[in-house]
Amino acid sequence: MAAVTLGIPSVRGVPRRAAAPGGKPRPETPLLVDRYGRVARDLRVSITTACSLRCTYCMPAEGLPLVPRDELMTPDEIGRLVGIGVRDLGIRDIRFTGGEPLMRRDLEQIIGAARTAADDGMAAVRGSGATPSPSGPRAAPERVRIAMTSNALGLDKRVDALVAAGLDRVNVSLDTVDREAFATLTRRDRLDDVLKGIRAALAAGLAPVKINAVLLPETLVGAADLLAWAVEHRCNLRFIEEMPLDADGQWTRDDVVSAADLLGVLQSRFTLTPAGREDPSAPAEEWLVDDGPATVGIIASVTRSFCGACDRTRLTAEGTVRSCLFGNEETDLKALLRKGATDDEVGDAWRAAMWAKPRAHGSDAVELAADAFAETQRSMGAIGG
């Protein structure tokens with residue numbers, strides 16, 4: 001395995017405290033900075049470990065252990081954390097994940113609470129005159145985007161209410177449009193229902209719908225068909241290299257389908273022109289399909305590390321901050337809320353958790369093999385995508 005140096009920038013232009021975790025001084029900034037100069041502005045919120053599918057790379061056949069109801073964050077608690085994140089910590093994008101978010105009967109209330117909190121938070125930011133940033137004042141965006149990652153099962157029945165509550169975007173997990181392959185991979189014969197949910201999302205104005213497809217040896221043969229389907233339906237397709245976050249612990253590097261493997265398959269049918277990234281912190285490298293305007297993205301999470309530009313902070317369904325997918329340290333914000341902590345106390349705990357974020361893949365090594373990962377105690381389904 002080749003070692004790669006991760007180009008992680010430093011935070012400039014801000015004073016520093018005398019002491020901080022790990023012996024490094026933390027910048028005097030309200031933002032969610034870490035020891036390597038990254039700033040987290042993208043909040044991922046898992047709201048359940050339950051799911052209506054059993055994808056082989058994500059969950060065991062019997063599913064993951066369910067979080068007891070009283071241990072899940074409530075809509076009010078989620079709304080409060082979103083408000084703290086937007087108003088005090090610089091969060092500007094919010095995405096709800098699972099498991100499957102649609103398994104929460106109160107999802108509309110969760111989205112509504114987050115929308116109200118985000119809008120109120122941005123109003124407070126605008127009232128203060130500027131959005132703080134490590135390099136100085138920056139104009140605040142008009143609206144924090146609230147999105148959801150879903151398998152789309154049942155989305156057709158709830159999408160209008162979710163949009164009315166404040167949902168802006170949806171990403172749908174779909175690895176193949178071959179019905180037999182879908183049933184084998186997900187252990188459920190529900191492809192038609194997923195496609196119905198996607199059509200409903202498009203009709204409800206959530207375009208462009210993003211499609212997330214995990215690269216697997218068994219679905220590589222159908223990758224070009226999936227791209228053709230996405231282009232036809234005006235969905236933005238992104239392929240993702242499989243990481244060692246499967247619940248069964250069966251992942252091996254030898255089974256990883258690389259971005260290079262995928263490009264070879266797609267280029268046998270399409271002309272792909274490199275288009276870079278939509279922004280520096282975006283994980284997906286983009287290609288124009290047959291000269292555009294359609295694009296396809298590849299998130300090379302194993303073979304082309306992008307940890308140096310990571311801008312994410314994560315909340316698990318139990319309300320703990322997880323700074324890195326492969327970092328097992330978690331800080332329990334929900335417990336602070338339930339003990340009566342102030343917003344400032346919660347914000348300080350959140351900042352401290354993110355300051356300790358590992359350099360890459362759960363490790364602080366200066367040089368790290370691109371496909372080397374620290375062993376994690378949770379699977380992706382339990383962490384939240």
Side-chain angles (χ1 to χ4, degrees), residues 44 51-53 55-58 93 95-102 145 147-156 159 162-163 167-179 181-186 188 190-216 218-243 257 259 261-263 265-266 269-270 272 275 277-278 282-290 292-301 380-381 384-385:
R44 302 296 170 100
C51 190
S52 47
L53 297 178
C55 297
T56 56
Y57 57 82
C58 182
D93 283 288
R95 178 174 299 281
F96 289 101
T97 69
E100 171 50 52
L102 289 165
R145 183 175 61 183
M148 176 178 74
T149 296
S150 170
N151 62 28
L153 284 176
L155 183 58
D156 55 309
V159 67
L162 291 170
V163 170
L167 184 68
D168 297 309
R169 294 281 299 276
V170 64
N171 285 14
V172 176
S173 299
L174 177 64
D175 305 310
T176 178
V177 287
D178 179 273
R179 181 173 177 176
F182 180 93
T184 299
L185 182 63
T186 66
R188 301 288 188 272
R190 302 293 301 276
L191 177 61
D192 291 345
D193 294 323
V194 171
L195 299 181
K196 184 186 298 184
I198 294 172
R199 290 193 295 269
L202 292 167
L206 293 177
V209 171
K210 289 186 177 180
I211 304 296
N212 293 339
V214 176
L215 277 169
L216 301 167
E218 57 266 41
T219 58
L220 181 61
V221 67
D225 291 334
L226 180 58
L227 177 55
W229 178 91
V231 170
E232 177 186 356
H233 292 86
R234 298 184 180 180
C235 293
N236 290 355
L237 175 61
R238 302 185 306 175
F239 290 96
I240 306 170
E241 289 180 347
E242 184 189 9
M243 293 185 289
V257 178
D261 295 333
L262 173 67
L263 287 171
V265 169
L266 297 182
R269 184 163 167 184
F270 303 95
L272 301 182
R277 300 180 189 271
E278 57 183 352
E285 296 180 69
E286 300 281 342
W287 279 261
L288 291 174
V289 179
D290 292 339
T295 63
V296 61
I298 302 177
I299 300 177
S301 46
M380 179 64 87

Partner residues of [X] under the salt bridge (charged side-chain N to carboxylate O under 4.0 Å, His left out) criterion, sequence neighbours left out:
| X | result |
| --- | --- |
| Arg199 | none |
| Asp93 | Arg145 |
| Arg190 | Asp193 |

Q. By side chain to side chain donor-acceptor pair (under 3.5 Å), which residues pair with Asn212, not counting sequence neighbours?
A.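 Residues passing side chain to side chain donor-acceptor pair (under 3.5 Å) with Asn212: Arg238.
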**Q.** Listed partners of Thr219 passing side chain to side chain donor-acceptor pair (under 3.5 Å), at least two apart
**A.**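 With sequence neighbours excluded, Thr219 shows a side chain to side chain donor-acceptor pair (under 3.5 Å) to no residue whatsoever.
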Nearest-0.5 Å distance, [atom1] of residue [X] to [atom2] of residue [Y]:
| X | Y | atom1 | atom2 | answer |
| --- | --- | --- | --- | --- |
| Asp175 | Leu53 | CG | CG | 10.0 Å |
| Asn171 | Leu206 | CG | CG | 10.5 Å |
| Thr295 | Asp290 | OG1 | CG | 12.5 Å |
| Ile298 | Trp287 | CD1 | CH2 | 4.0 Å |

Any side-chain heavy-atom pair of [X] and [Y] under 4.5 Å:
| X | Y | answer |
| --- | --- | --- |
| Thr186 | Leu191 | no |
| Val296 | Phe270 | no |
| Leu220 | Phe239 | no |
| Cys235 | Leu202 | yes |
| Leu162 | Met148 | yes |

Q: Output all residues satisfying side-chain contact (heavy atoms from CB on, under 4.5 Å) with Ser52, sequence neighbours left out; order by chain, then residue number.
A: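 Scan of Ser52 (side-chain contact (heavy atoms from CB on, under 4.5 Å), adjacent residues dropped) gives Glu100, Met103, Asn151, Leu153.
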(Q) Run the side-chain contact (heavy atoms from CB on, under 4.5 Å) test against Arg234 and tell me which residues pass, sequence neighbours left out. (A)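 Residues passing side-chain contact (heavy atoms from CB on, under 4.5 Å) with Arg234: none at all.
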**Q.** Stepwise side-chain contact (heavy atoms from CB on, under 4.5 Å) check, Leu272 with Val289
**A.** CA-CA 5 Å; Leu272 301 182; Val289 179; 4.0 Å; yes
Do you know which two heavy atoms are closest between [X] and [Y], and how far apart they sit?
| X | Y | value |
| --- | --- | --- |
| Leu237 | Ala213 | CD1-CB, 4.1 Å |
| Ala201 | Val170 | CB-CG1, 3.9 Å |
| Val257 | Leu215 | O-CD1, 3.6 Å |
| Thr149 | Arg95 | OG1-CD, 3.1 Å |
| Leu102 | Ser150 | CD1-OG, 3.3 Å |

(Q) Assess the residue pair Leu174 and Leu195 against the criterion (side-chain contact (heavy atoms from CB on, under 4.5 Å)); give the C-alpha distance rounded to whole Å, side-chain angles, the decisive distance to 0.1 Å, and a yes or no. (A) CA-CA 9 Å; Leu174 177 64; Leu195 299 181; 4.1 Å; yes
Report all side-chain donor-acceptor pairs from residues 222-229 shorter than 3.5 Å, counting only partners two or more places apart or in another chain.
unit_1	atom_1	unit_2	atom_2	d
Asp225	OD1	Arg269	NH1	2.6
Trp229	NE1	His233	ND1	3.3

